[in-house]
Amino acid sequence: MTIPQSLSPAASLVRCMQQLLSEGLTTGTNGNASLRSAGGMLITPTGIRPSELTPESIVAMDLEGNIASAQLAPSSEWPMHASIYRARPDVHAIVHCHSHYATALACNRLSIPAFHYLVALAGGDSIPCAPYATFGSAELGQQVAGTLRERRACLLANHGQISVGPDLESALELARRVEELAAQYHACLSAGGPVLLTKDEMDEIHARISNYGQPKRTRA
Ligand SMILES: [Zn+2]
């Protein structure tokens, strides 16, 4: 775990962005993260580097774009986050970044097919690439929310990647996996193209992955 549960929601968003930076998944002021809140969402501000973020710089806003005037301006990508929260009641955290390999595939408008069984972590038999729309636009929000209807992660054409989850740690971990899979798929394409898993093989993975992780221990 890289985001301690003891942190406040705002502090956990700061930690998340600093993790993305330290792990090489973001640079400069690219990328953003949010958490669902009682009033809408908490989201990272626009134009602030992760190293300069503080819990006080995190922006509280509703899903229509209303914010208290004393706060910083939210990430320009807030419409994308708001669209996802409106469409997916099960989503409580979102991590968006321009990680190297995911962005490279997205610029080729490639989805990541079932070349490796861990593609199933994104919730289906592929990690799809959402159609292109201008960053920060309501159209991009609609495109991404539509692509994520049956997924927990997708690529954004000519832009980057986005991962969602029930909590910030899950969304951050999925963002790492998406970048790892993107790098591996890129290598496979360079080596002539992978052999893809069949639907039956992926169905078996989905059944197993629902029990992924350490088995529950019973006390002796
Ligand atoms: Zn972006």
Side-chain angles (χ1 to χ4, degrees), residues 12-36 40-53 57-59 61 63 65 67 72-88 91-112 122 127-149 151-165 168 170-183 186:
S12 69
L13 285 167
V14 174
R15 176 65 69 91
C16 176
M17 292 307 298
Q18 292 174 346
Q19 281 298 138
L20 287 173
L21 181 68
S22 69
E23 295 176 26
L25 294 170
T26 193
T27 56
T29 59
N30 291 326
N32 38 71
S34 71
L35 278 169
R36 189 190 289 277
M41 63 180 168
L42 298 174
I43 188 165
T44 48
T46 188
I48 310 283
R49 293 172 182 273
S51 60
E52 295 164 357
L53 283 175
S57 59
I58 299 300
V59 182
M61 62 188 300
L63 299 184
I67 63 170
L72 294 174
S75 163
S76 58
E77 301 288 12
W78 74 261
M80 178 168 70
H81 292 246
S83 290
I84 295 167
Y85 288 128
R86 277 196 293 268
R88 291 280 300 271
V91 169
H92 290 265
I94 300 171
V95 173
H96 163 60
C97 62
H98 303 175
S99 59
H100 185 79
Y101 285 100
T103 301
L105 295 181
C107 290
N108 284 280
R109 302 198 182 182
L110 291 174
S111 295
I112 302 177
I127 301 173
C129 184
Y132 180 76
T134 308
F135 84 95
S137 66
E139 184 190 356
L140 178 62
Q142 289 159 7
Q143 296 284 17
V144 174
T147 303
L148 286 177
R149 196 172 295 125
R151 293 290 191 279
R152 291 186 283 272
C154 72
L155 306 181
L156 279 60
N158 306 85
H159 187 154
Q161 62 137 307
I162 192 162
S163 296
V164 304
L168 204 50
S170 302
L172 174 59
E173 177 61 16
L174 187 53
R176 293 181 183 115
R177 295 303 186 102
V178 168
E179 176 61 7
E180 187 176 77
L181 289 162
H186 179 273

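Both counts, for ligands and for their atoms, begin at 1 and track the order of listing. We number each residue from 1, following the sequence as shown.
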(message) Within the 3.5 Å criterion, strictly below it, is a donor on Gln18 or Ser51 matched to an acceptor on the partner's side chain?
(response) no
(request) Inspect the contact between Arg177 and Glu173 and indicate whether a charged nitrogen and a carboxylate oxygen are less than 4.0 angstrom apart. (result) yes
(request) Heavy atoms only: give me the nearest Pro131-Ala157 pair and the separation to one decimal. (result) C-CB, 4.0 Å
(request) Please name all residues satisfying ring pair (Phe, Tyr, Trp, His ring centres under 6.0 Å) with His98, sequence neighbours left out, ordered by chain then number. (result) His96, His159
(request) Give every protein N, O or S atom lying under 2.8 Å from the Zn ion (ligand 1), naming each by residue and atom. (result) His96 NE2, His98 NE2, His159 NE2
(request) Find out whether Trp78 and Ser34 are in side-chain contact, i.e. whether some heavy atom of one side chain is under 4.5 Å from a heavy atom of the other. (result) no
(message) How close do Thr134 and Leu140 get, counting heavy atoms only, and between which atoms?
(response) O-CB, 3.6 Å
